A.B. asks: 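Quick one: the structure is below, questions incoming.
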Amino acid sequence: MTREKKVETRSATLYSSEDSEYSKMNSDMDVIDHDNQIELEEKTRLINQVLELQHTLEDLSARVDAVKEENLKLKSENQVLGQYIENLMSASSVFQTTDTKSKRK
C-alpha cells in the first residue's frame, strides 16, 4: 500500500470515528432533551395540581367560614326563640306551675 493510500485510509477512519462520536453525542442529546421534556411536563403537571388544590382549599375555607357564620346566626335566633317561648309560657295561666307544698299548708 502506498503512503498516500495509508493516509487516506487513516483519514477515512478518523472521519468515520468522528462521525460516529458526533452521532452518539446527538443521540445522547436527544435522550437528554427527551428526559428534560418529560421532567418539564411532570413539573408543569405538579404545579397545576398544586394550584388546583390551593383553589380547592380556599373554596373549602370560605365554605367553612360561611357555615360558622350561619351557625352563630342560628344559635342567636334559637336563643331569642327560646326566650320568647319562656315568656309566653310564664304569661299563660295554662303553663303556670302548681306549687303543691304551699296548698297543703
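Count residues from 1 along the sequence. Small disclaimer: the values here were computed from a predicted structure and weren't measured.
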A.B. asks: Among all residues two or more places apart in sequence or in another chain, which pass the side chain to side chain donor-acceptor pair (under 3.5 Å) test with Q79?
C.D. replies: none
A.B. asks: Who are the side chain to side chain contact (heavy atoms under 4.5 Å, CB included) partners of E42, not counting sequence neighbours?
C.D. replies: R45, L46
A.B. asks: Tell me which donor-acceptor pairs under 3.5 Å the side chains of residues 55-78 have, and how far apart each pair is, sequence neighbours excluded?
C.D. replies:
| from | atom 1 | to | atom 2 | distance (Å) |
| --- | --- | --- | --- | --- |
| T56 | OG1 | E52 | O | 2.9 |
| S61 | OG | L57 | O | 3.0 |

A.B. asks: Q37: what forms a side chain to side chain contact (heavy atoms under 4.5 Å, CB included) with it, not counting sequence neighbours?
C.D. replies: E41
A.B. asks: Going by the rule side chain to side chain contact (heavy atoms under 4.5 Å, CB included), which residues pair with S90 if we only count those two or more places apart in sequence or in a different chain?
C.D. replies: none
A.B. asks: My understanding is that only residues two or more places apart in sequence, or in another chain, count here; which of them pass side chain to side chain contact (heavy atoms under 4.5 Å, CB included) with L53?
C.D. replies: Q49
